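The next block holds one structure in the form of structure tokens; read it before the comments.
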Amino acid sequence: MKVLISEDELQQGISKMATEINGQFGEQPLTVICVMTGSIILVADLIRQLTMPVKLGSVHASSYRGDTSRGELELDTSMLPDLNGTNALIVDDIFDTGHTLNAVHNHISRLGAATVQSAVLLYKHGRQELEFDVDFVGFEIPDEFVVGYGLDYQGIYRNLPYVGVLESGDLAAEQENN
Ligand code: IMP
Ligand code: MG
């Protein structure tokens, strides 16, 4: 595993995002929407640095079918709180093609939120497939498959405290363990 973003660097990037979000919303209440499962760790770290009254909701999105390629997007929005008139901030782990965030954004917009913005920890370069502007970005990264700090490969590695790039040796070791 090659470390791409260390624990210290992650915390610096998240503090910078929190400062930007605090600056933009001031004391206005914010409903943070955690896009499960990948953004669970980011959301836990980020919201503890937000200073306005925060409500927390979640949606469940999955598009990867046990591989590094994209499958059809499944979206479960049954756990959302009432968003009518709120400022909603969708938080996801990574912006890759943009389909996930775009779909979540469209859904949330239809639920009557006054404003809908988005934040991602990682923005992967050269992969965007549709027009979508992310409001808050932690780190821009090259087009490599990354894991850790919430991000998985076949359901594992989410617990790594850093963001790393899988190397061929990691994948071979993984296959031996299965
Ligand atoms: P998008 O819909 O293509 O933007 O993909 C976004 C989702 O795909 C993210 O929420 C992640 O769950 C997953 N994903 C995209 N790239 C990676 C990666 O490099 N590692 C792990 N998961 C990824
Ligand atoms: Mg995800």
Side-chain angles (χ1 to χ4, degrees), residues 1-7 9-10 13-14 17 21 31-47 56-80 88-110 116-175 177-178:
M1 183 81 61
K2 187 179 88 191
V3 176
L4 186 67
I5 310 172
S6 70
E7 277 188 77
E9 288 166 339
L10 281 169
I14 290 157
M17 264 209 280
I21 296 166
T31 302
V32 171
I33 297 164
C34 177
V35 182
M36 299 288 275
T37 303
S39 71
I40 188 165
I41 298 173
L42 168 64
V43 166
D45 281 348
L46 182 69
I47 62 172
L56 187 56
S58 67
V59 296
H60 194 278
S62 57
S63 55
Y64 278 81
R65 294 291 155 74
D67 203 339
T68 58
S69 60
R70 207 169 62 86
E72 203 180 322
L73 178 69
E74 275 176 19
L75 201 58
D76 179 354
T77 56
S78 58
M79 303 275 283
L80 280 174
L89 179 69
I90 304 164
V91 180
D92 203 359
D93 50 2
I94 187 166
F95 186 97
D96 185 24
T97 64
H99 288 280
T100 303
L101 212 47
N102 189 54
V104 175
H105 193 284
N106 288 343
H107 187 91
I108 300 297
S109 302
R110 287 196 296 267
V116 185
Q117 295 201 355
S118 56
V120 295
L121 180 69
L122 307 175
Y123 187 99
K124 212 190 268 191
H125 266 289
R127 299 266 307 162
Q128 183 163 8
E129 288 180 4
L130 33 79
E131 273 303 310
F132 189 94
D133 286 329
V134 185
D135 300 285
F136 305 96
V137 174
F139 301 87
E140 309 217 354
I141 63 164
D143 181 7
E144 289 184 288
F145 194 81
V146 290
V147 295
Y149 199 77
L151 291 137
D152 74 304
Y153 172 71
Q154 299 197 346
I156 59 170
Y157 300 115
R158 292 195 198 276
N159 56 314
L160 293 180
Y162 55 84
V163 171
V165 178
L166 276 183
E167 293 172 304
S168 49
D170 300 318
L171 297 176
E174 195 41 48
Q175 267 146 20
N177 290 334
N178 280 336

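Read the numbers this way: they start at 1 and go in the same order the structure lists the ligands and their atoms. Quick caveat, the model's predicted, so the values are computed rather than measured. Only heavy atoms go into these numbers, but all of them, side chains included; no hydrogens, no water, no symmetry mates.
Close N/O approach between Leu151 and ligand 1 is not found [any backbone or side-chain N/O within under 3.5 Å]. Taking any N or O of Gly98, backbone or side chain, at least one lies under 3.5 Å from an N or O belonging to ligand 1.
With distances taken over non-hydrogen atoms, the option nearest atom 19 (O) of ligand 1 out of Gln128, Met36, Lys124 is Lys124. Remark: among candidates Thr97, Asp152, Val104, Asp93, the nearest residue to atom 12 (O) of ligand 1 is Asp93, based on non-hydrogen atoms.
The ligand atoms of ligand 1 that sit less than 4.0 angstrom from a heavy atom of Asp96 are 1 (P), 3 (O), 4 (O), 5 (O), 15 (C), 16 (N). In summary, the atoms of ligand 1 found under 4.0 Å from a heavy atom of Glu144, numbered by their order in the structure, are 19 (O). Less than 4.0 angstrom separates some heavy atom of Asp92 from each of these atoms of ligand 1: 10 (O).
Neither the backbone nor the side chain of Val147 comes within 4.0 Å of ligand 1, counting heavy atoms alone.
Between Glu9 and Phe139, the shortest heavy-atom distance links the atoms O-CZ, 3.1 Å. Nearest heavy atom pair, residue Leu130 against residue Gly98, reads CD1-O, 3.7 Å.
His105 and Phe132 have perpendicular rings, their planes meeting at more than 60° on a 0 to 90° scale where under 30° would count as parallel.
Using a 3.5 Å distance cut-off with no hydrogens or angles, the side chains of Glu7 and Tyr149 do not pair a donor with an acceptor.
The number of heavy-atom neighbours closer than 6.0 Å to CG of Asp133, taken from other residues, nucleotides and ligands shown, is 12 or below. Around atom CG of Leu80, more than 12 heavy atoms belonging to other residues, nucleotides or ligands sit under 6.0 Å away.
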